[in-house]
Each structure stands twice: as structure tokens, then as C-alpha cells.
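Both counts, for ligands and for their atoms, begin at 1 and track the order of listing.
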Amino acid sequence: MRISESRAKAEGRAQVRPTAEGWKQAMGDDGRPQLQFTAKKRVTQPPVHLADLTLDERAAKLKEIGLPAFRAKQLSVHYFQHYTTDPELMSDLPKDRRAEIADVMFPKLLTEVKRLATDDGRTIKFLWRLFDGSLIESVLMRYSNRITLCISSQCGCGMNCPFCATGQAGLTRNMSTAEILDQIVQANRVIAEGGLGGQKHPEERVGNIVFMGMGEPLANYKRVMNAVHRMVAEAPEGLGMSARGITVSTVGLVPAILKLAEEGVPVTFALSLHAPDDELRDEMIPVNSKWKVDEALDAAFNYYVKTGRRVSIEYALIKDMNDHGWRADLLARKLNARGRGWVHVNPIPLNPTPGSVWTASEPDVTAEFIDRLDSAGVPTTLRDTRGKEIDGACGQLAAAE
Ligand code: SAH
């Protein structure tokens, strides 16, 4: 009997194994769930867009078509502060060249295919088509004191986690820096037009970004980091957002986590752990075959040491799979062994995905799991999950028309 089975039995519980149910998990030549770090086919990236470039690079590009550097600033204001790419609205540009300039700087990146709303319009899921037909989603959420946008970083995902809908179709390609950023600009435009429900405030816009949409952000490291740098760059070079309002969430690509700690942009870091023992995590998070629980936790702790930012541990609670008392205790031990006050745990009841037979943990089990961590001195808060009614919650984004 496996260790986890005997421990579950000792608690009078079952141990459900995370084999994919209702769909076939892609397997590699080694007989393990396939991991994709690069796209299957040769892919092309979208045409270069203003948001791909720094302010200086924008000026250089405009120079190629005979325009002075100050135009770069004007165009950046239009895009990052007025959320417009429509040449007709750019009255500060020479009339006879407006259309040409817009063609060069603002190739169309995201075309809205569908918009679904719930929570009285305070949660909106957008389905976007990219230039090559790829589909991605982002989710906009109004809370009492902030507006959060959950964004995608890849078309599909290559990490193949059996409980997440995005992984089921594999990775199509990385999103470009500008495609990542355009999700925010489009959301800001919708907010400015009054399209987000709830109590409105003047000048409001997206203040919090979570990289918890489709894709594994650290598998698209360079483009994602470029996008992050542009989010925090002051207007009009970028969006002038605060780094602490940006959360980068990962399955645990250790070398990339170490690199992130050296970027000098103190974003909030979240590790999708979901199991404290390798026996279970090997099956739940296929990338655990490369980097084990302890290595991922060491890298997360290093992020805290280098940035001073408290790290988040994400833990989707799945009935009889990873919600046993002994796992809460083991997780607390592993976190406390590295220090105090450096981490908090964010359990989230599993959201259903197509074909999956697993369900969220029972409320009393969830409460006990949290209580065990809290009592061990690990701050733990149940994550509020939005958008389940529109398949817009964590793990549910699959982008189909
Ligand atoms: N690839 C990154 C970011 C995208 S997922 C990562 O895995 O962290 C964002 C969060 O949703 C992750 O913590 C992920 O594990 C979680 N998640 C995935 N499927 C889920 C599901 N069915 N229910 C609840 N959370 C889920």
C-alpha cells in the first residue's frame, strides 16, 4: 500500500488518485504525462505593436517612416491612457498620415468574440480571437475596493495538469508581450465605457493583475516579463501600475522562479502547490517530475528572501485527493521549517472542469484543513472564486466558441 493510502486509511478516509477522468491525458515517450515547453508546430508571432516596444524603440520605429520622436509619446498616450487605436480619434497627428501610423503601430491583436457576465455584471469573461485564430480568455472582476483582471499568457498550456481545463488541449503558442498587455488595455476601455457592473468611480481602471488565466507564465518568461515591465512603467511608456498589484502564478518552474527573484520588480509570487508530498504531486502536477515539492518551496522561499514579498501557496482542495488532515500538517511543517511570516496559504475549492469526476472538498473538511494550518501558525485564507457560472473560474478557461 502506498504511504498516502495508509495515512488516509488511518484517518478513516479514502485516497483518490489524480488520474484523468473523462478525457485522455497526453502521454510522452517515457510513459509520463507529456510536458510541452515549446509549441508543437512552427508558429509565427503577431506583427510588432507599440506595446511590444519601449518608448525609445517606438521612436526608432517611427523614425523609419520619417516621423519625429515626440510622436511616440503622443501615440503612447492614445494607447495606454485613452485606450484607443482608432486613427480618427488622434486629432494631434497629421491628418494625412493617421491611418498609416495606426497601421504601423497598432496592428489588431485582440478581436472580441464573446462576452459573458455574472455577479450582476461585476464579473465579465472575455473570449478573444488572436491574429492567427487562436482563442484566449481573460476575466474582469470588480471587488468593493479594487478591480482585478485575470489574464492569459499562452494559447493553451503545456503543463498538462489533469484537474485544469486549459491543460487538456496542450500548448498552441506563447502570447506576445503586446497581446498580453492588450488584454488590460481592452479591459480598461470597457471600464471607461461603463461596461463593468457595480458601483462606479471616476477615472477607475484595472489595478490588480493576476497571471492566472490560460497558460504557464514562467514558460513564456521573456514576453511575460516584458509585459510586467511595461505594466509598471510610468505612463505614457506603460500603464504605471504598482508591482505589488501584479501576481505571477506558476506550477513551479524552479530556474524561472530564481530568475524572477532577480528582476527587480517585486511582483506578488504565487506557487500552485496543491500537494505537499511528491507521491501525490508527481501525478497532480506533471512538472513535479522535474522539480520536486522541496525544490519549489525553496525557490519560493528564496523569492521572499530576495524581494521581501510574502509568497502565496495555492492549493485547490479536491475531495479525498489532497484534502487529508495529515497533508495540512505536512504542509505546515514544510513551510515552518523554512521560516515564519514568509508565506500564506490560499486554498480554493476545486472548480469543476469538463469530464472530471472530482469534486471540491466538503465544507467541514475544508474548514479543518484551514484550521490545521492556522493553528500551526501559517496564515491561511480560503480564496474567493468568481465566475463559476460562466466557466470563468480558476482552472476552467478553455476558450471555445
Ligand atoms: N499555470 C499557472 C497559472 C494559471 S492557473 C499556475 O498553474 O499557477 C491559476 C490557478 O488556478 C492555479 O493555482 C491552478 O492550479 C488553479 N486551478 C487550476 N485548475 C483548477 C480547478 N479546476 N479548480 C480550482 N483551481 C484550479
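Contacts with ligand 1 closer than 4.0 Å are made by side-chain heavy atoms of Glu314 only, the backbone lying farther away. Contacts of Thr250 with ligand 1, taken as heavy-atom pairs under 4.0 Å, involve the backbone alone. Looking at Gln396 against ligand 1, nothing comes within 4.0 Å, counting heavy atoms.
Put simply, the side chain of Ser312 never gets that close to the backbone of Ala270: no donor and acceptor are under 3.5 Å apart. In this structure, the side chain of Asn322 engages the main chain of Ile318 through a donor-acceptor pair within 3.5 Å.
Close approach of ligand 1 to Phe211 (heavy-atom distance below 4.0 Å) involves ligand atoms 3 (C). For ligand 1, the atoms closer than 4.0 angstrom to any heavy atom of Gly213 are 4 (C). Atoms of ligand 1 lying under 4.0 Å from at least one heavy atom of Phe163, given by number and element, are 15 (O), 18 (C), 19 (N), 20 (C), 21 (C), 22 (N). Each of the atoms 18 (C), 19 (N) of ligand 1 lies under 4.0 Å from some heavy atom of Cys164. Within ligand 1, counting atoms from 1 as listed, the ones closer than 4.0 Å to a heavy atom of Ser272 are 6 (C), 7 (O), 8 (O), 12 (C), 13 (O), 14 (C), 15 (O). The ligand atoms of ligand 1 that sit less than 4.0 angstrom from a heavy atom of Leu350 are 21 (C), 22 (N), 23 (N). Each of the following atoms of ligand 1 lies closer than 4.0 Å to a heavy atom of Gly215: 1 (N), 2 (C), 3 (C), 4 (C).
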Next on the checklist: What verdict does the salt bridge (Lys or Arg N to Asp or Glu O under 4.0 Å) test give for Glu179 and Arg173, after you've listed the backbone C-alpha separation in whole Å, the side-chain angles of each residue and the deciding distance to 0.1 Å?
Outcome noted: CA-CA 12 Å; Glu179 284 173 329; Arg173 70 168 168 89; 2.9 Å; yes
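For atom 5 (S) of ligand 1, the nearest non-hydrogen atom of the protein is Met212 O, 4.0 Å. Remark: minimum distance from atom 25 (N) of ligand 1 to any protein heavy atom is reached at Cys394 CB, 3.5 Å. The single protein non-hydrogen atom nearest to atom 15 (O) of ligand 1 is His274 NE2, 2.5 Å, given as residue, atom name and distance. With hydrogens left out, the protein atom closest to atom 19 (N) of ligand 1 is Gly395 CA, 3.0 Å, a heavy atom. Of all protein heavy atoms, the one lying nearest to atom 23 (N) of ligand 1 is Asn351 N, 2.9 Å.
Side-chain contact check for Gln74 versus Met90: every heavy-atom pair is 4.5 Å or farther apart.
Using a 3.5 Å distance cut-off with no hydrogens or angles, the side chains of Thr250 and Glu216 do pair a donor with an acceptor. Using modelled atom types, one finds a donor on one side chain and an acceptor on the other under 3.5 Å when comparing Tyr221 with Glu263.
Taking the six-membered ring where the residue is Trp, the centroids of His49 and Tyr79 are separated by under 6.0 Å.
Residue contacts with ligand 1 include Glu216, since one of its heavy atoms falls under 4.0 Å from the ligand.
Considering backbone and side-chain atoms together, Thr353 places no N or O closer than 3.5 Å to any N or O of ligand 1.
Across all their heavy atoms, Asp278 and Val293 have their closest contact at OD1-N, 3.0 Å. Between Thr166 and Gly156, the closest heavy-atom pair is CG2-C, 3.8 Å.
In this structure, Arg230 fails the cation-pi test against Phe80, since its NZ or CZ atom is not both closer than 6.0 Å to the six-membered ring centre and inside 45 degrees of the ring normal.
To the nearest 0.5 Å, the span separating OH on Tyr143 from OG1 on Thr123 amounts to 6.5 Å.
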